[in-house]
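The structure is given below, and queries will be raised subsequently.
So that the names make sense, note that chain A is the first sequence line, chain B the second, and so on, each numbered from 1.
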There are 2 protein chains.
Amino acid sequence: MTHLRIVFLGTSAATPTRSRGLSATAIQRGDELLLFDAGEGVQQAFSIAGLGLNRKTKVFITHIHGDHTVGLLGLLQSMSMAGRERPIDIYGSERVWALVREGKRILGFGLTFPVRFKKTRAGVILDEDEYVVRAARSEHESDSYAYCLQEKDRPGEFHREKARSLGVPEGELWSKLQHGQPVSVKGKRILPSQVLGSKRRGRKIGVSGDTRPNTSLTKFFKGCDVLIFDSTYGDDQASRAVENLHSTAREAAMLARNAEANLLILTHFSARYTDVSPLLLQAGEVHPRIIAATDQMAVDIPYPEDW
Amino acid sequence: MTHLRIVFLGTSAATPTRSRGLSATAIQRGDELLLFDAGEGVQQAFSIAGLGLNRKTKVFITHIHGDHTVGLLGLLQSMSMAGRERPIDIYGSERVWALVREGKRILGFGLTFPVRFKKTRAGVILDEDEYVVRAARSEHESDSYAYCLQEKDRPGEFHREKARSLGVPEGELWSKLQHGQPVSVKGKRILPSQVLGSKRRGRKIGVSGDTRPNTSLTKFFKGCDVLIFDSTYGDDQASRAVENLHSTAREAAMLARNAEANLLILTHFSARYTDVSPLLLQAGEVHPRIIAATDQMAVDIPYPEDW
């Protein structure tokens, strides 16, 4: 069981409002933090959310626009002031790297830890023991990406009574079977499949960044347990969404329905909406499970079998 | 009568806390806004304070460090999104200009209004009809400055009864005298000095930026009605203040006392102090009129004769 929590650090599009900061979404997974975008204000949002500046952290930037990136500079500086030594990985376009590199040069700051830049490309960009992160081109600017965190399958449930009935003594041999290795008991070979249920799917979390909805993203987000999607506009600004390469809340819901995403979380609201409940209602006509994000909202994500 | 209000937009040093953003102080003077520093988060603080993105605005940057400058990028972008056309003047070192220029290039944004960069040098950097702004080298980094806004003298009080007794009819001739021009009434020349009290001093507001206290700054801030001064540390961190080229609250108060500043406002508190009241008490042992700034605190500043 690895705890997974999504914390919304900034949910406003383009310009902040009194109550919403600029784009940043954190996924806390066990002792690790995956940060998607880092708009201005993210370091204060970190402090309010109590996320900590020294934990194992990876940053994924969807695109270079300032409202998604400018907070990187202060976040790195604050991590340095907190004495961080652990490296940090930043995934993004070359221009994201230019922002960090030139920002450091012009502002004249050094860091107490290494920043490892990884250029985002479509496909698997990170393959860890327990999860992968994939990127796909989004439809917003020339070098913009959506991301998807997918946990690897976990072993099936261990049937203790079955193991006992097959004469396997509790202890080391149980552990081997639980980890997928066959064992021998009194000359008899016992296979993991005899005592384990079928493999259990991990969680899949999609983060759209700024984008128009399209069929390739629908495919990319197929079967997401949680999809966090650009909902800049309501129905009233549908043509503006096309023009500015964003989505309406209703379009986000249509994509989520087509992708069979279990839960859709709307975010990145235009500052024109002081009340986003109409957007929630519009999306709700299309998809049954929708939340409108607010700054500092935290959502714990159970395993698929526990929904 | 020109209304003058100081609004504190960010009062934390180096790194923001849950309740304090990074350095930015606005002086609203009539319909004009003078902004001193623009740390990360300033555009949201603008929004919360209701300062408006389209007003006549001048920005004065004390030094290049990121916690005083990074918010410039988002502020300019938000002004652009608000359709600003009015130019904005930014005073600072060459590196401040590099931040804006390179930030625009890397983030790929254009602006709907001209940004006029003015290099800060010691001396009078701005001479307007009603006020001047002076800069002085501060003691923090190689190109750091303190600023002082000084209103020009206003004409003395107009003695209506005196004017009447001299036979000057109310109307155009009164106005001329009030504006310092002599008039003729029935062949008799009347001088402004005959109907006006002595000139009245304008307000003087000092903004230290980050600095050690020293005698040249004491001189620069001489007679300030309000002095806003670096108070990063308390007595407990006096040696750190020397080391990091900042001031303690007590040192700020000593400088304010020696400069005969009427009101001292402490700001730029280290994030280590969740409660700054000890700093206020330490400073209060030295100077009788002290306020500790908080984010969004607004202070209306009367004319000297109305204190």
Verify, without hydrogens or angle tests, whether R5(A) (side chain) and V299(A) (backbone) share a donor-acceptor contact under 3.5 angstrom.
no
R240(B) and E243(B) ion-paired at < 4.0 Å
no
Residue among A271(B), G103(B), A98(B), G50(B) with most heavy-atom pairs under 4.5 Å to chain A
A98(B)
Are the side chain of Q282(B) and the backbone of D235(B) linked by a donor-acceptor contact shorter than 3.5 Å?
yes
For the atom pair CG (L99(A)) and CD (E94(A)), what is the distance rounded to the nearest 0.5 Å?
13.0 Å
So, T11(A) versus T267(A): side-chain donor-acceptor pair below 3.5 Å or not?
no
Strictly less than 4.5 Å between heavy atoms, which residues of residues 51-65 of chain B line up against chain A? Please order them by number.
I64(B), H65(B)
If contact means a heavy atom pair closer than 4.5 Å, which residues of residues 77-90 of chain A contact chain B?
Q77(A), S78(A), M81(A)
In this structure, OG1 of T25(A) is separated from CG of L9(A) (nearest 0.5 Å) by 7.0 Å
Is there a donor-acceptor pair under 3.5 Å between the side chain of R20(B) and the backbone N or O of H268(B)?
no
Checking side-chain hydrogen bond (donor to acceptor under 3.5 Å, both in side chains) for the pair T211(B)/H140(B): CA distance, chi angles, key distance, verdict?
CA-CA 5 Å; T211(B) 191; H140(B) 185 64; over 6 Å; no
Please check this pair: side chain of R18(A) against backbone of I48(B), looking for a donor-acceptor N/O pair closer than 3.5 Å.
yes
Identify the residues of residues 36-43 of chain A whose heavy atoms come closer than 4.5 Å to a heavy atom of chain B, ordered by number, or report 'none'.
G39(A), E40(A), G41(A), V42(A), Q43(A)
Rounded distance (nearest 0.5 Å) linking atom OH of Y91(A) with atom OH of Y147(A):
9.5 Å
Heavy-atom pair of closest approach, residues A13(B) and L22(B)
C-CD2, 4.4 Å
N214(B) (side chain) donor-acceptor with S216(B) (main chain) under 3.5 angstrom
yes
Contact class of S12(A) relative to chain B, heavy atoms under 4.5 angstrom:
neither
Can you confirm whether V115(A) sits close enough to L76(A) that some side-chain heavy atom of one is under 4.5 Å from a side-chain heavy atom of the other?
yes
Looking only at G74(B), G108(B), A14(B), the option with the highest number of non-hydrogen pairs under 4.5 Å against chain A is A14(B)
Any donor-acceptor pair under 3.5 Å linking the side-chain atoms of D143(A) with those of Y145(A)?
yes
Would the distance check show the side chain of Y273(B) and the main-chain N or O of G234(B) forming a donor-acceptor pair, the cut-off being under 3.5 Å?
yes
Quiz question: by atom type and distance under 3.5 Å, do the side chains of R95(B) and S93(B) form a donor-acceptor pair?
no
Side-chain donor/acceptor of D230(B) to backbone N/O of T232(B), under 3.5 Å
yes
Who in residues 66-73 of chain B is close to chain A, using a strict under-4.5 Å heavy-atom cut-off?
G66(B), T69(B), V70(B), G71(B), L73(B)
Is it the case that the side chain of E251(A) and the backbone of T248(A) share a donor-acceptor pair, with hydrogens and angles ignored and the cut-off at 3.5 Å?
yes
